[in-house]
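First comes the structure, then the notes that go with it.
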Amino acid sequence: SITFEDEQNEETLADVDFDAGIPPEVTVNNLGGGNVNWTTNDLIPGQGEGNYTGGQALAATASVRQGDGAFDTALEFGGVDLSNWTNAVVNFKLNYQHANNDTLDVEVSTDGGSNWDLVQRYEEDHGAFRGQGNGEEMSVDISQYVGEGAVQVRFRYQDPDGNALYAQIDDVEILGIESGWQTPAPDAFTHVIPQTGFWLPGEDGFYNGGTQYETKYPFFGFLNGVQA
């Protein structure tokens, strides 16, 4: 049989936790001037909040326990360079409890924060309500922004009515991914394979020097692992 391996070069472009508070590369932007604003869970007044995301120590938190009224608050990350990648994702731990009209959005900017695009909206619960360590692992694809040199990501939590519960984020990482196909080893084929030449894809297989090899997994590449 023929086996192919999806060859990926992956690099962590940003890796942020909140164990020591909101780090300097992250900006809290109170867009609506309300009482609810991103901070860490240890600074929530009154009863406070635990870290419900499944992360360690502290989590970025915005909670109705900070006060009443409408709010619009954003947790904004510094720019990363996606100019040399073919794919990119944002991974994070989340515990978000949806109440009425509140939303939690993942947004992206490529112009220094002047304009933001909505790439993911959450309007449903993620994780157990105030369940210690019961968050969810989330992943948001931002591959549409590869090729850009300064890509910012933010988490925007807003409620026009002030009837929300809370949102928590922890362990945020932005990954750049370069994908490609790895040329299979010669002994993976049932036919004798010449040691020279390059592969060309066909409708039902691929060709080398005019000989069709019986596979339905066409790929591009030179023999011995040199990509075409």
Side-chain angles (χ1 to χ4, degrees), residues 14 16-18 21-55 58-80 89-131 134-142 144-145 151-174:
V16 177
D17 63 47
F18 304 94
I22 303 295
E25 66 268 27
V26 177
T27 300
V28 174
N29 193 346
N30 191 342
L31 300 168
N35 292 314
V36 176
N37 205 23
W38 287 105
T39 183
T40 47
N41 57 284
D42 61 321
L43 298 179
I44 300 297
Q47 301 175 60
E49 300 285 7
N51 183 345
Y52 313 127
T53 67
L58 303 180
T61 304
S63 169
V64 70
R65 288 176 171 173
Q66 293 173 290
D68 298 329
F71 64 86
D72 186 355
T73 179
L75 190 69
E76 301 177 355
F77 292 73
V80 296
V89 296
V90 183
N91 297 324
F92 54 97
K93 293 182 174 70
L94 172 66
N95 191 308
Y96 167 56
Q97 301 300 311
H98 177 69
N100 295 289
N101 295 317
D102 59 297
T103 56
L104 177 64
D105 298 335
V106 181
E107 299 180 337
V108 170
S109 175
T110 59
D111 61 4
S114 296
N115 297 281
W116 294 87
D117 300 331
L118 174 65
V119 294
Q120 179 69 56
R121 167 161 287 180
Y122 299 108
E123 296 178 283
E124 63 287 317
D125 294 348
H126 289 274
F129 177 69
R130 292 197 168 99
N134 286 306
E136 296 182 12
E137 299 274 356
M138 312 300 290
S139 185
V140 175
D141 185 1
I142 57 167
Q144 68 199 83
Y145 299 99
V151 177
Q152 290 180 262
V153 173
R154 76 178 181 183
F155 297 91
R156 183 178 183 181
Y157 183 34
Q158 56 187 320
D159 183 2
D161 303 322
N163 296 316
L165 292 170
Y166 67 84
Q168 286 193 328
I169 302 289
D170 203 1
D171 296 338
V172 179
E173 64 174 2
I174 301 175

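This one's a predicted model, so the numbers in the text were calculated from it and none came from an experiment.
Counting heavy atoms from C-beta on, the side chains of Val172 and Asn91 never come closer than 4.5 Å.
Here the CG-CD distance, from Asn115 to Glu107, works out to 11.0 Å after rounding to the nearest 0.5 Å. Atoms CD1 and OG1, from Ile44 and Thr61 in turn, are 5.5 Å apart once rounded to the nearest 0.5 Å. In this structure, CD on Glu136 lies 7.0 Å from CG on Leu94, to the nearest 0.5 angstrom. For the atom pair Glu124 CD and Gln97 CD, the distance stands at 11.0 Å (nearest 0.5 Å). Taken to the nearest 0.5 Å, the CG atom of Asp117 stands 8.5 Å off from the CG atom of Asp111. Note that CG of Asp102 and OH of Tyr122 are 14.5 Å apart. Values are rounded to the nearest 0.5 Å.
Asn37 places no side-chain N or O within 3.5 Å of a backbone atom of Asn35 that could act as its donor or acceptor partner. With hydrogens and angles ignored, the 3.5 Å screen pairs a side-chain donor or acceptor of Asn41 with a backbone N or O of Ala59. Checked by atom type and distance alone, the side chain of Asp159 pairs as donor or acceptor with a backbone atom of Ala164 at under 3.5 Å. With hydrogens and angles disregarded, no donor-acceptor distance shorter than 3.5 Å links the side chain of Gln66 to the backbone of Leu43.
Taking each heavy atom of Gly131 and Asn95 in turn, the nearest pair found is O-ND2, 4.3 Å.
Side chain to side chain, Thr73 and Asn30 fail the donor-acceptor criterion of an N or O pair below 3.5 Å. Side-chain atoms of Asp170 and Asn51 form a donor-acceptor pair, as typed in the model, at a separation below 3.5 Å. For the residue pair Asn100 and Asp161, no side-chain donor N or O sits within less than 3.5 Å of a side-chain acceptor on the partner. Side chains of Thr53 and Gln168: no donor on one and acceptor on the other come within 3.5 Å.
Looking at residues two or more places apart in sequence or on another chain, you find a side-chain contact (heavy atoms from CB on, under 4.5 Å) between Ile22 and Phe18, Val26, Val28, Thr40, Ala60, Leu75. Qualifying salt bridge (charged side-chain N to carboxylate O under 4.0 Å, His left out) partners for Asp171, counting only residues two or more places apart in sequence or in other chains: Lys93. Contacts of Glu49 classified as salt bridge (charged side-chain N to carboxylate O under 4.0 Å, His left out), with partners at least two apart in sequence or in another chain: Arg65, Arg130. Legend: residues meeting side-chain contact (heavy atoms from CB on, under 4.5 Å) with Leu31, ordered by chain and number and at least two apart, are Asn29, Asp72, Ala74, Arg154, Arg156.
For residues 21-55, the set of pairs meeting the ring pair (Phe, Tyr, Trp, His ring centres under 6.0 Å) definition, not counting sequence neighbours, comprises Tyr52-Tyr166. Counting only residues at least two apart or in different chains, ring pair (Phe, Tyr, Trp, His ring centres under 6.0 Å) contacts with residues 89-109 comprise Phe92-Phe155, Tyr96-Tyr157.
Within 6.0 Å of CG in Asp141 there are more than 12 heavy atoms belonging to other residues, nucleotides or ligands.
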